[in-house]
Amino acid sequence: QVQLVESGGGLVQAGGSLRLSCAASGRTFSSGTMGWLRQAPGKEREFVSAITWTWNGGSTYYADSVKGRFTISRDNAKKTVYLQMNSLKPDDTAVYYCALMGRANSNSFTGGSADYWGQGTQVTVSS
């Protein structure tokens with residue numbers, strides 16, 4: 001069984017920064033995809049960022065709306081993924097969900113498919 005525990009959400013003014021963390025416990029995956037999707041009130045869940053890993057490397061992916069402002073990274077030893085969010089905008093306000101897929105497949109992940117989900121953490125950006 002895999003559990004994802006998120007932390008780091010909160011309230012910040014526009015232009016500020018937050019760092020989200022997502023720690024995975026349980027099974028270890030030699031390859032996979034892990035990252036974040038978000039859902040704002042009245043809107044569908046949307047892809048934010050992901051990182052994939054395999055035996056010979058990995059890649060990072062970002063939604064156009066966050067490119068240049070958000071940075072995703074992974075600490076393999078801690079099985080933790082981080083999302084550094086800078087230059088936050090009111091449009092970034094949403095519940096951010098961490099997700100994990102037990103294979104390196106960014107296309108599926110960006111479409112909202114995942115094997116495991118976190119409980120979500122609220123990010124609120126005030127104007």
Notebook entry, point to check: Counting distance only, does the side-chain N/O of R19 pair as donor-acceptor with the main-chain N or O of Q84 below 3.5 Å?
Noted result: no
Checklist line | Closest non-hydrogen atom pair, T33 against R103 | finding: OG1-O, 2.8 Å
Notebook entry, point to check: Side chains of M101 and M34: does their closest heavy-atom pair fall under 4.5 Å?
Noted result: no
Next item on the list: Indicate the atoms forming the closest heavy-atom contact of S49 with L83, along with that distance.
Entry: CB-CD1, 4.0 Å
Note to self: Take a 6.0 Å sphere around CZ of R45 and say whether it holds more than 12 heavy atoms from other residues, nucleotides or ligands.
What the structure shows: yes
Margin query: Check whether T80 reaches the backbone of K78 with its side chain - one donor and one acceptor, N or O, closer than 3.5 Å.
Written below: yes
Notebook entry, point to check: Checking T93 side chain against P90 main chain: does a donor-acceptor pair fall under 3.5 Å?
Noted result: yes
Next item on the list: Determine whether V66 and R38 make a side-chain contact, defined as any pair of heavy atoms from C-beta on separated by less than 4.5 Å.
Entry: yes
Margin query: Ignoring hydrogens and geometry beyond distance, is a side-chain donor-acceptor pair present between K79 and T28 at under 3.5 Å?
Written below: yes
Next item on the list: List the atom of M85, the atom of Y96, and the distance in Å for their closest heavy-atom pair.
Entry: SD-CE2, 3.9 Å
Next item on the list: Using atom types as modelled and distance alone, determine if a side-chain donor or acceptor of Q13 lies under 3.5 Å from a backbone N or O of S127.
Entry: no
Next item on the list: Check S21 against W36 and note the closest heavy-atom contact, atom names and distance.
Entry: O-CH2, 3.5 Å
Next item on the list: Specify whether F109 and F47 have parallel, tilted or perpendicular ring planes, treating 30° as the upper limit for parallel and 60° as the lower limit for perpendicular.
Entry: perpendicular
Item checked: Beyond-backbone contact of L4 with L100, side-chain heavy atoms, under 4.5 angstrom -> yes
Check: Taking atom types as modelled, is there a side-chain donor on S17 or N86 under 3.5 Å from an acceptor on the other?
Finding: yes
Note to self: So for atom CD, which belongs to Q3, do other residues, nucleotides or ligands contribute more than 12 heavy atoms lying within a distance under 6.0 Å?
What the structure shows: no
Check: Would you call the rings of Y97 and W117 parallel, tilted or perpendicular if under 30° counts as parallel and over 60° as perpendicular?
Finding: perpendicular
Checklist line | Carboxylate-amine/guanidinium proximity below 4.0 Å for K67 and D64 | finding: yes
Note to self: Between Y62 and I72, is there a side-chain heavy-atom distance shorter than 4.5 Å?
What the structure shows: yes
Next item on the list: Using the rule that two of Ile, Leu, Val, Met, Phe, Trp, Tyr join whenever any of their side-chain heavy atoms come within less than 4.5 Å, decide whether F70 and V95 are in one cluster.
Entry: no
Check: Can you tell me how far the CG atom of L20 sits from the OG atom of S7, to the nearest 0.5 Å?
Finding: 8.0 Å
Margin query: Give me the atom names and distance for the closest heavy-atom approach of W53 to F29.
Written below: NE1-O, 3.0 Å
Item checked: Distance (rounded to the nearest 0.5 Å) between N107 CG and Y61 OH -> 7.5 Å
Next item on the list: Mind checking side chain to side chain donor-acceptor pair (under 3.5 Å) for S126 and listing every partner two or more places apart, or none if nothing turns up?
Entry: none
Check: How many angstroms lie between atom CD1 of I51 and atom OG of S106, to the nearest 0.5 angstrom?
Finding: 12.0 Å
Note to self: Could you check whether any side-chain N or O of Q39 sits under 3.5 Å from a backbone N or O of E44, counting only pairs where one atom can act as donor and the other as acceptor?
What the structure shows: no
Check: Considering all heavy atoms of both residues, which atom of V123 and which atom of G9 are nearest to each other, and what is their separation?
Finding: CG2-CA, 4.2 Å
Item checked: side chain to side chain contact (heavy atoms under 4.5 Å, CB included) partner of T124, chosen from V12, D92, L11, L88 -> L11
